[in-house]
Participant: 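To start, I am sharing the structure in question, which I have written as structure tokens.
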There are 2 protein chains.
Amino acid sequence: MEHPPFAVTVDLVVLTVRAGRLTVLLVERGEAPYAGALALPGGFVRPDEDLLAAARRELREETGVGDGVHLEQLATYGAPDRDPRMRTVSVAWLALAPDLPEPTAGTDAAAARFVAVDDLDLAALAFDHARILADGLERARAKLEYSPLATAFCDEEFTVAQLRAVYEAVWGHPLDPRNFHRKVTRTPGFLTETELTSTADGGRPARLYRRGTLEVLSPPLTRGDT
Amino acid sequence: MEHPPFAVTVDLVVLTVRAGRLTVLLVERGEAPYAGALALPGGFVRPDEDLLAAARRELREETGVGDGVHLEQLATYGAPDRDPRMRTVSVAWLALAPDLPEPTAGTDAAAARFVAVDDLDLAALAFDHARILADGLERARAKLEYSPLATAFCDEEFTVAQLRAVYEAVWGHPLDPRNFHRKVTRTPGFLTETELTSTADGGRPARLYRRGTLEVLSPPLTRGDT
DNA sequence: ACCCATCTCGTCAAGATGACGACAACCCGG
DNA sequence: CCGGGTTGTCGTCATCTTGACGAGATGGGT
């Protein structure tokens with residue numbers, strides 16, 4: 001029984017919503033292969049490091065933010081030819097974050113930036129990262145339906161309209177404000193009402209909420225409502 | 001940039017329904033560590049083998065059946081101490097199969113057998129396989145809600161009652177035959193009606209169906225209906 | 001003051017759900 | 001051959017949810 005050596009990496013699909021658009025964190029590769037191309041941030045797992053710990057470390061290195069960001073395993077990619085240099089298996093992770101400051105912190109990937117997914121030419125991504133990103137987007141879209149995960153894109157306190165903007169950005173189409181409001185506020189455990197506050201986005205001040213304790217929405221929100 | 005060597009394995013959670021009970025394929029370990037304990041079937045990924053190909057190869061080695069069985073990636077487990085012999089990363093796969101013949105085909109894991117999950121002492125499983133199995137079960141239970149995947153447990157042609165038995169076995173509680181029948185037959189694309197046939201399970205013959213083309217159920221079946 | 005934008009609640013028809021009655025179609029034993 | 005047991009299929013009905021949309025509430029700007 002042989003156990004041939006593999007290199008194991010983590011790759012991150014870091015999504016956030018900026019200015020109403022779903023964006024993903026990408027780095028510009030400085031070295032071959034795919035020098036100059038855009039790629040997902042990531043790196044090698046260290047010899048005594050847990051996979052989740054490696055993902056969180058890379059996340060912190062790239063964004064400066066570590067805890068408080070939702071992070072879940074996405075899938076693992078290990079086609080024999082996915083990296084021309086060596087046999088590599090990559091464990092991909094999906095991170096959902098509130099609007100983050102533009103990454104600048106001096107790291108190995110200084111050229112990290114957020115790109116709106118609509119503006120992105122998937123085919124231009126390095127390695128098999130187009131596939132990984134597509135899987136991450138689909139996972140995010142699906143999870144908004146049956147989990148309260150959209151709150152991971154919001155700050156600690158947020159309005160129903162801000163939450164709705166997340167859904168609209170991720171799903172790519174508008175939702176009815178009144179029906180959305182009814183759905184999220186009348187689903188027990190989805191939101192916790194902040195008695196006091198409210199803020200102004202132009203019109204009548206809105207009540208602020210925090211995420212509730214609910215983990216699974218049933219019945220789910222439907223991606224198709226108008 | 002170092003890339004320390006890891007051993008990469010695949011582990012399989014093979015589920016099937018026998019005699020109305022959800023069962024999982026387990027092997028009895030012959031060697032240390034965990035000699036004599038039950039474990040999920042699995043093995044090392046070969047140097048030039050795709051991960052999916054490795055999973056399907058192991059599936060065939062253990063069950064004698066390869067194609068036609070639903071196989072999807074579950075998650076990847078890579079805690080540094082999960083295998084005391086070496087640093088191992090395991091990509092787990094979930095397989096859903098119709099009732100299979102008892103595995104006997106001479107392989108390295110001659111002691112493979114199906115065990116009803118209710119009868120199983122999770123803590124007795126080797127390595128972190130209890131966790132993997134739990135994740136696989138939860139995945140299977142969840143997927144039955146929003147996908148027509150229950151058909152993967154059935155033969156090519158099956159009755160509504162057989163399909164319902166799958167749901168009842170996986171979810172662990174009975175469903176109303178009439179409401180279930182309405183739901184699955186009136187959801188376009190879920191089932192394809194076989195004009196001709198029918199069979200006998202004791203009472204009135206039932207129409208036979210094949211799986212339809214539908215991939216996602218919306219609205220989903222709810223795990224909680226009586 | 002007035003207008004305007006946004007938030008929040010209400011109404012209403014259409015459809016889905018859960019509970020359950022009723023009949024249909026087959027097997028079996030007498 | 002006939003009636004009971006068993007299982008499959010359809011129908012009904014109250015209730016809940018959904019999608020569409022009206023309308024008042026509550027702030028800022030001019």
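Below, read A as the first sequence line, B as the second, and so on, with proteins coming before strands; counting in each chain starts at 1.
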Participant: Please confirm whether the shortest side-chain N or O distance from B/Lys183 to OP1 or OP2 of C/dA16 is below 4.0 Å.
Facilitator: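 It does not, given that no N or O in the side chain of B/Lys183 lies less than 4.0 Å from OP1 or OP2 of C/dA16.
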
Participant: Examine D/dG19: is either OP1 or OP2 under 4.0 Å from a nitrogen or oxygen in the side chain of A/Thr222? Give yes or no.
Facilitator: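 For D/dG19, OP1 or OP2 has a side-chain N or O of A/Thr222 closer than 4.0 Å.
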
Participant: Could you check how far CG of A/Leu217 sits from C1' of D/dT18, rounded to whole Å?
Facilitator: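 A/Leu217 atom CG is separated from D/dT18 atom C1' by 15 Å.
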
Participant: In whole angstrom, what separates A/Asn179's CG from C/dA14's P?
Facilitator: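 Rounded to whole Å, this separation is 16 Å.
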
Participant: Between P on C/dT17 and CZ on B/Arg223, what's the gap in Å once rounded to a whole number?
Facilitator: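 The distance from CZ of B/Arg223 to P of C/dT17 comes to 17 Å, rounded to the nearest Å.
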
Participant: Separation of B/Arg178 atom CZ from C/dA19 atom P, in whole Å?
Facilitator: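 Interatomic distance, CZ of B/Arg178 to P of C/dA19: 10 Å.
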
Participant: Hey, is the side chain of B/Arg182 pairing donor to acceptor with the base of C/dG18 inside 3.5 Å?
Facilitator: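 Yes, a donor-acceptor pair under 3.5 Å.
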
Participant: Which atom pairs link the protein and nucleotides 5-7 of chain C when you take only N or O atoms and keep those under 3.5 Å?
Facilitator:
| unit_1 | atom_1 | unit_2 | atom_2 | d |
| --- | --- | --- | --- | --- |
| C/dT6 | O2 | A/Arg204 | N | 3.2 |
| C/dC7 | O2 | A/Arg204 | NH1 | 2.9 |

Participant: Please set out all donor-acceptor pairs under 3.5 angstrom arising from side-chain atoms of residues 122-133 of chain A, sequence neighbours excluded.
Facilitator:
| unit_1 | atom_1 | unit_2 | atom_2 | d |
| --- | --- | --- | --- | --- |
| A/Asp128 | OD1 | A/Arg82 | NH2 | 2.9 |
| A/Asp128 | OD2 | A/Arg82 | NE | 2.8 |
| A/His129 | ND1 | A/Leu40 | N | 2.9 |

Participant: In residues 208-217 of chain B, what donor-acceptor pairs under 3.5 Å come from side-chain atoms, sequence neighbours left out?
Facilitator:
| unit_1 | atom_1 | unit_2 | atom_2 | d |
| --- | --- | --- | --- | --- |
| B/Arg210 | NH2 | B/Glu157 | OE2 | 2.8 |
| B/Arg211 | NH2 | B/Thr151 | O | 2.9 |

Participant: Atom CG of A/Leu163 to atom C1' of C/dT8: distance rounded to whole Å?
Facilitator: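 Atom CG in A/Leu163 sits about 16 Å away from atom C1' in C/dT8.
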
Participant: Strictly by modelled atom types, are A/Asp11 and A/Ser90 linked by a side-chain donor-acceptor pair under 3.5 Å?
Facilitator: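 Their side chains do contain a donor-acceptor pair, which is all the 3.5 Å distance test asks for.
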
Participant: What is the separation between atom CZ on B/Arg186 and atom P on D/dC10, rounded to the nearest whole Å?
Facilitator: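 One finds 8 Å between P of D/dC10 and CZ of B/Arg186, rounded.
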
Participant: Whole Å only: how far is the CZ atom of A/Phe180 from the C1' atom of D/dA20?
Facilitator: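 Atom CZ in A/Phe180 sits about 17 Å away from atom C1' in D/dA20.
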
Participant: Quick one: which of A/Leu149, A/Leu96, A/Leu52 gives a side-chain contact (heavy atoms from CB on, under 4.5 Å) with A/Glu72?
Facilitator: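 One option only clears the test, and that one is A/Leu149.
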
Participant: Report the residues that fulfil side-chain hydrogen bond (donor to acceptor under 3.5 Å, both in side chains) with A/Asp135, sequence neighbours left out, ordered by chain and then residue number.
Facilitator: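 Partners of A/Asp135 under the side-chain hydrogen bond (donor to acceptor under 3.5 Å, both in side chains) test: A/Tyr77.
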
Participant: Rounding to a whole Å, what distance do you find between B/Asp176:CG and D/dT12:P?
Facilitator: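 Whole-Å distance recorded here is 17 Å.
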
Participant: For B/Asp119, which residues count as a salt bridge (Lys or Arg N to Asp or Glu O under 4.0 Å) partner, sequence neighbours excluded?
Facilitator: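 Only B/Arg21 meet the salt bridge (Lys or Arg N to Asp or Glu O under 4.0 Å) criterion with B/Asp119.
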
Participant: Excluding sequence neighbours, so at least two apart, what forms side-chain hydrogen bond (donor to acceptor under 3.5 Å, both in side chains) with B/Arg29?
Facilitator: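 B/Arg29 satisfies side-chain hydrogen bond (donor to acceptor under 3.5 Å, both in side chains) with no other residue.
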
